[in-house]
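First comes the structure, then the notes that go with it.
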Amino acid sequence: MSAIPELTLNDGTTLPAVGFGTYPLRGSAGVEAVVSALEVGYRLIDSAFNYENEGAVGEALRRSGLPRADLRIASKLPGRRQRYQEALNTVEESLWRAGLDYYDLYLIHWPNPKQGLYVEAWRALLEAKSRGWIRSVGVSNFLPEHLDALISETGVAPSVNQIELHPAFPQAEQRAADKARGIVTESWSPLGRGGSLGDPTLLRIAEAHGKSPGQIVLRWQAQLGALPLPKAGSRARQAENLAIFDFALSEAEMAAITALGRPDGRLKGQDPAVYEEF
Ligand SMILES: NC(=O)c1ccc[n+]([C@@H]2O[C@H](COP(=O)([O-])OP(=O)(O)OC[C@H]3O[C@@H](n4cnc5c(N)ncnc54)[C@H](OP(=O)(O)O)[C@@H]3O)[C@@H](O)[C@H]2O)c1
């Protein structure tokens, strides 16, 4: 397997160019899946307070025996904890659950714009960073107007915006908006939860490269400059999803995959302008 390249964030820290998604892994099966992912080579692990698996992730890190400095561990603040003191308490609780001294990355999970508290939550994450609880601060599911509110109110842009991104929903405008603000885009459900990997375009490109459709989709993400977070339960698929740095897609292949996008391509219609998650 080729080495995983690194992306540099706007705060000078780095992330590997692909990470491991952990929803809905939890309990002892979750620990085993994350240990396996670490053994096959993942060094970035994405979790969330709401996934109820920060404890399982922390246990897996300890069992792996890997040096803490080699790992990048991320979690996310739930919508019901966006008030300043609640947010700080939640970051601390996330640390205790995982048995960690710090998170490498902590994100506001959803903006929940009707609630109107995400700037307050952002100030709390900045305070958590200044206390050393978080190395990099970021957001998830933020639209350009939400990013601009954070930047104009606090002067600090997120380092990462984690968004829904897969061939049915390529997010060209949001990716461009993130890039223009110096923000790295991470992709959730990068494989579209596996549902559309039988698409004839993907199968044709996969055959041409001797790769699987999943690998083609993840390589497309990497070449777009996005950082995919595929989840896979089995060790074989975990390894398959990392082996995407030993080939390249042509411009025509990239365009053919992007052309699979549809305006209504979201998996569950979760539009951050209106959708709320607590
Ligand atoms: N920020 C947010 O709001 C948000 C929302 C959703 C997800 N996320 C994050 O993003 C991560 C990934 O998203 P996701 O789990 O929804 O979807 P995903 O990674 O796109 O797809 C996971 C599904 O695809 C299957 N799969 C994995 N590798 C495959 C391959 N090479 N070929 C065929 N199928 C494959 C998996 O099956 P097996 O497991 O059975 O192998 C699983 O059913 C989550 O785990 C979570 O960390 C964040």
Side-chain angles (χ1 to χ4, degrees), residues 1 15 18-26 29-30 32-34 36-37 40 42 44-54 56-57 60 72-79 103 105-112 118 138-143 146 158 160-171 174 178 183-199 202-203 205-206 209 211-222 226-244 265-273 275-278:
M1 191 184 72
L15 293 178
V18 58
F20 186 66
T22 64
Y23 183 78
L25 301 169
R26 56 170 79 98
E32 280 166 28
V34 176
S36 165
V40 303
Y42 290 86
L44 167 61
I45 308 291
D46 181 70
S47 67
F49 194 86
N50 272 353
Y51 300 170
E52 297 179 346
N53 65 5
E54 291 163 314
V57 167
R72 298 289 182 273
I73 312 303
S75 194
K76 310 188 194 81
L77 181 75
Y103 274 95
L105 183 62
Y106 207 93
L107 315 177
I108 300 176
H109 206 146
W110 284 87
N112 286 10
Y118 62 84
V139 295
S140 179
N141 302 301
F142 271 48
L143 297 173
H146 307 139
V160 161
N161 188 16
Q162 184 182 123
I163 60 172
E164 179 174 356
L165 203 175
H166 43 77
F169 202 62
Q171 293 261 37
Q174 184 64 53
D178 290 347
I183 300 168
V184 166
T185 301
E186 288 187 339
S187 311
W188 64 255
S189 296
L191 298 164
R193 300 201 173 125
S196 50
L197 294 177
D199 178 275
L202 295 178
L203 291 174
I205 298 172
H209 289 276
K211 290 282 179 179
S212 73
Q215 288 171 318
I216 296 301
V217 168
L218 295 171
R219 177 71 204 183
W220 168 77
Q221 306 254 2
L227 192 167
L229 300 166
K231 175 263 174 185
S234 74
R235 194 181 183 90
R237 275 183 173 170
Q238 291 170 357
E240 177 184 326
N241 294 342
L242 271 189
I244 59 167
R266 293 185 197 274
L267 291 169
K268 289 184 166 179
Q270 293 169 315
D271 178 352
Y275 177 79
E276 294 193 293
E277 196 169 291
F278 294 92

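Just so you know, ligand 1 is whichever comes first in the structure, and atom 1 is the first atom listed for that ligand.
Looking at heavy atoms from C-beta onward, Glu54 lies in side-chain contact with Tyr103 at the 4.5 angstrom threshold. Considering only heavy atoms from C-beta on, Thr185 stays 4.5 Å or farther from Ile183 through its side chain. Using a 4.5 Å heavy-atom threshold, the side chains of Arg219 and His209 count as separate. Taking 4.5 Å as the limit, every side-chain heavy atom of Val160 sits out of range of all side-chain heavy atoms of Leu227. Between Leu218 and Val18 the shortest side-chain heavy-atom distance does not fall below 4.5 Å. Taking 4.5 Å as the limit, some side-chain heavy atom of Leu105 sits within range of a side-chain heavy atom of Glu186. Looking at heavy atoms from C-beta onward, Tyr118 lies in side-chain contact with Phe142 at the 4.5 angstrom threshold.
In terms of heavy atoms, Ser75 sits closest to Phe49 at OG-N, 3.4 Å. Taking all atoms of both residues into account, the shortest heavy-atom contact from Ala226 to Ser187 is CB-OG, 3.5 Å. Between Gln215 and Ile244 the shortest heavy-atom distance is O-CG2, 3.7 Å.
Checking only distances, Leu191 does come within under 3.5 Å of ligand 1, N or O to N or O. The distance criterion of under 3.5 Å between nitrogen or oxygen atoms is met by Lys231 with respect to ligand 1.
Remark: distances from the non-hydrogen atoms of Ser212 to ligand 1 are all 4.0 Å or more.
Of all atoms in ligand 1, numbered sequentially from 1 with element shown, those under 4.0 Å from a heavy atom of Pro230 are 19 (O). Taking a cut-off of under 4.0 Å to the non-hydrogen atoms of Glu240, the atoms of ligand 1 that pass are 30 (C), 31 (N). Listed by number with element, the atoms of ligand 1 under 4.0 angstrom from any heavy atom of Gly192 are 20 (O). Near Gly233, the atoms of ligand 1 lying under 4.0 angstrom from a non-hydrogen atom of the residue are 38 (P), 39 (O), 41 (O). Residue-ligand proximity, His109 to ligand 1, at heavy-atom distances under 4.0 Å covers atoms 1 (N), 2 (C), 3 (O). Of all the atoms in ligand 1, the ones that sit under 4.0 Å from a non-hydrogen atom of Leu229 are 10 (O), 11 (C), 12 (C). Taking every heavy atom of Gln162 and a limit of under 4.0 angstrom, the matching atoms of ligand 1 come to 1 (N), 2 (C), 4 (C), 8 (N), 9 (C), 48 (C). Close approach of ligand 1 to Thr22 is summarised as follows: ligand atoms under 4.0 Å from at least one heavy atom of the residue are 45 (O), 47 (O).
Residue, atom and distance of the protein heavy atom nearest to atom 6 (C) of ligand 1 are Trp188 CE3, 3.2 Å. Of all protein heavy atoms, the one lying nearest to atom 14 (P) of ligand 1 is Ser189 OG, 3.6 Å. Of all protein heavy atoms, the one closest to atom 21 (O) of ligand 1 is Arg193 CA, 3.2 Å. Distance from atom 47 (O) of ligand 1 to its nearest protein heavy atom, with residue and atom name: Asp46 OD2, 2.7 Å. The single protein non-hydrogen atom nearest to atom 25 (C) of ligand 1 is Arg237 NH1, 3.8 Å, given as residue, atom name and distance.
Of the listed options Ile45, Asn241, Val139, Asn241 places a heavy atom closest to atom 30 (C) of ligand 1. Counting heavy atoms only, Tyr51 comes closest to atom 9 (C) of ligand 1 of the residues Tyr275, Tyr23, Tyr51. For atom 32 (N) of ligand 1, the nearest non-hydrogen atom from the set Leu197, Asn141, Asn50, Leu25 comes from Leu197.
One finds no salt bridge joining Asp46 and Lys231 here, because no Lys/Arg side-chain nitrogen approaches an Asp/Glu carboxylate oxygen to under 4.0 Å.
Counting heavy-atom neighbours within 6.0 Å of Tyr275 OH, excluding the residue itself, gives a total above 12.
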